[in-house]
There are 2 protein chains.
Amino acid sequence: MTLAEVARRAGVSAATVSRVLSGSPAVKPSMRERVLTVVRQVNYLPNVHAQALAGGRSRTLGMIVSNIENPFFLGVFMALEEHATQQEYEVLVEHTGYRRERLVASIRSMLKRRVEGLAVIVSEMDRGLIEELAAQDVPVVFYDVGRPARNITSIRVRYDRGTQRTAEYLYSLGHRRFGFVGHHAGLGPLEERKRTFTEVMERFGKGVRFATASGMDSPAGGRHAAGDLLSGTLRPTAILCANDHMAVGVLRELHDRGLRVPDDVSVAGFDNIGLAEHLCPSLTTVRIPQRMIGQLAFEALMFGDAAKPRDIVIEPELIVRESSGPAPGTNRRRRID
Amino acid sequence: MTLAEVARRAGVSAATVSRVLSGSPAVKPSMRERVLTVVRQVNYLPNVHAQALAGGRSRTLGMIVSNIENPFFLGVFMALEEHATQQEYEVLVEHTGYRRERLVASIRSMLKRRVEGLAVIVSEMDRGLIEELAAQDVPVVFYDVGRPARNITSIRVRYDRGTQRTAEYLYSLGHRRFGFVGHHAGLGPLEERKRTFTEVMERFGKGVRFATASGMDSPAGGRHAAGDLLSGTLRPTAILCANDHMAVGVLRELHDRGLRVPDDVSVAGFDNIGLAEHLCPSLTTVRIPQRMIGQLAFEALMFGDAAKPRDIVIEPELIVRESSGPAPGTNRRRRID
DNA sequence: GCGCTGGCTGAAAGCGCTTTCAGGATCATC
DNA sequence: GATGATCCTGAAAGCGCTTTCAGCCAGCGC
């Protein structure tokens with residue numbers, strides 16, 4: 001069923017049908033009724049491709065994330081989508097699995113679909129790609145692309161602060177041997193989290209020892225990384241994870257090895273995914289406001305001024321739950337509760 | 001940048017550019033090179049809307065799920081998408097939150113986008129909607145829509161068998177007081193799971209008592225439902241959950257109440273989401289092969305014959321893990337393991 | 001040398017819509 | 001009753017592509 005056919009059946013012109021459907025006020029109520037009756041009767045659904053082509057706007061936003069199985073990304077997506085829906089926009093998601101070639105493919109795909117805005121929430125973005133994308137005349141917002149580039153709008157989280165607070169909190173509980181469970185190596189922002197960890201550790205000075213390990217962004221990846229960490233000579237009493245998604249596996253690996261959390265080992269995650277508070281033990285973590293990021297991304301895309309890009313910075317917040325406690329052998333009074 | 005502009009710069013006709021881009025063999029290599037050079041040079045990306053309109057095919061599949069936050073649905077989506085990508089198809093997802101009006105809106109949206117196939121993996125589908133959708137001339141595949149309709153292709157899981165096996169397994173471990181944690185009421189297939197549970201229980205006869213509770217499809221929902229169950233007069237020693245996603249919260253609620261799993265209470269989920277084996281304790285559950293469902297859905301959409309719809313039936317399989325064990329007070333030998 | 005076939009290419013129609021533009025009604029105003 | 005002004009409507013152009021169709025040019029057999 002096409003618009004022309006609807007027009008024919010209603011005995012009006014295509015232009016009128018189009019106007020009725022787009023809610024134009026310049027059409028007499030009687031006409032409107034006549035058209036709508038036919039539309040309902042034949043269950044007409046306009047072809048979005050024709051609409052996009054003729055109208056020059058797709059009413060679509062795009063979002064690219066690294067790992068859609070990680071609830072953090074899903075949280076951002078849901079928030080973005082919710083706002084978009086209210087404005088009668090749809091949002092397309094693609095996920096890259098942290099692979100650059102898939103990111104490139106996703107970007108191309110979004111551009112071919114003529115999205116009116118693109119949120120790039122990935123860790124595998126590099127300078128070159130950023131420049132290239134920014135050169136397109138589509139509003140783009142980036143998340144977590146390391147230090148801010150001059151002419152793009154980006155949302156950044158102060159991972160350094162989050163890591164630092166977590167580390168200091170654990171230090172204050174008496175921990176001196178730390179482990180870090182990070183992502184597969186090589187990706188900018190993820191490497192940065194590890195670097196931050198290292199810096200914080202080194203700032204603690206001689207009394208502190210630490211080690212790092214990494215795996216895929218999944219519970220299984222966290223489990224393996226934790227295994228590596230625990231098989232080493234350093235026996236960490238506190239493990240920081242690059243994200244909650246991996247922390248799930250870390251908890252599991254500790255459990256498998258008969259180590260109690262938090263009595264023997266404290267664990268802290270990052271992101272505060274919904275699951276974090278439902279785990280046993282519930283997860284101490286750093287809150288990254290997913291809904292807020294989704295909303296900010298949406299607003300940047302829809303109402304942002306490409307001419308003056310924004311650099312949005314988000315401060316993370318430590319949330320202490322059950323998975324962290326005093327270092328073993330320490331005075332067992334809980335410092336925070 | 002448009003195809004016409006590329007054609008102009010390459011000194012060829014639009015038809016030739018189109019042929020080159022679609023990989024038509026009917027174009028001389030020298031021409032092809034000339035065109036491709038320009039395409040790369042100007043970084044030309046065809047407009048999918050124009051392609052879809054002119055070509056009459058969108059190279060897009062649609063998938064509607066009830067709850068994208070539930071990893072089960074995500075698993076099916078990932079599999080479907082993987083197969084689609086291999087055939088140069090894209091897949092659009094929408095999620096409904098189990099709300100009928102959102103389902104209707106999603107279907108309309110997919111139809112407007114002229115998807116070439118639609119997988120409807122939701123629980124809130126009713127007879128009327130099924131008929132209506134089946135009447136469209138788009139390949140459609142349904143999942144979990146209760147008893148098979150005559151003229152649609154659907155993928156069904158024998159929930160009854162899964163529930164029965166789980167119940168029998170727990171019964172054999174000495175459990176006599178059962179609880180069921182289900183979804184929010186009213187939705188066909190979900191009600192059915194509860195009904196199945198009830199039937200199985202009644203078949204056990206007088207010695208067995210049981211109760212049911214329900215909540216949202218989320219860990220929090222499971223937690224609340226478990227709370228209801230445990231606050232009742234029946235003190236179940238075994239809890240069956242409608243899905244793993246909710247079971248996570250059930251485990252947590254038990255933990256909160258100082259009940260050990262499986263020593264005091266056994267818990268069984270449904271779906272076998274990836275998380276299930278990484279939880280502490282790992283979750284006894286019924287395996288529903290998400291990847292297979294995604295693949296079957298894909299094949300049904302792409303290669304299925306609308307004229308002869310298929311009724312695909314999947315047998316679930318019980319996976320015993322740590323969350324289940326002998327009823328308290330029973331001989332402590334583990335029956336399985 | 002002529003007619004034919006086959007391989008390439010371009011002109012043009014059209015996919016289903018939006019939007020401008022012009023014109024016919026309708027109405028108030030003088 | 002003429003004159004605009006206002007309101008509605010339809011014709012038509014065009015969005016960026018695909019695809020048919022016709023035509024051109026080689027190369028071939030006779």
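Quick note on labels: first sequence line is chain A, next is B, and so on, each numbered from 1.
- Aromatic ring centres of Tyr98(B) and His183(B): separated by under 6.0 Å.
- Regarding Met31(A), its CE atom lies at a distance of 12 Å from the P atom of dC8(D), rounded to whole Å.
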Intermediate values then yes/no, side chain to side chain contact (heavy atoms under 4.5 Å, CB included), Val141(B) and Ile155(B)
CA-CA 7 Å; Val141(B) 55; Ile155(B) 302 172; 4.0 Å; yes
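- Gln290(A) and Phe72(A) make their closest contact through CG-CD1, 3.4 Å (heavy atoms, listed as atom of the first residue, atom of the second, distance).
- No salt bridge links Arg102(B) with Glu124(B); every basic N to acidic carboxylate O contact stays at or beyond 4.0 Å.
- With salt bridges taken as basic N to acidic carboxylate O contacts below 4.0 Å, none links Arg310(A) and Asp305(A).
- Taking atom CD of residue Glu33(B) and atom C1' of nucleotide dT9(C), one finds them 18 Å apart after rounding to whole Å.
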What does nucleotides 15-23 of chain D look like as a protein-contact string, B for base, S for sugar-phosphate only, - for none, at under 4.0 angstrom between heavy atoms?
BBBBBB---
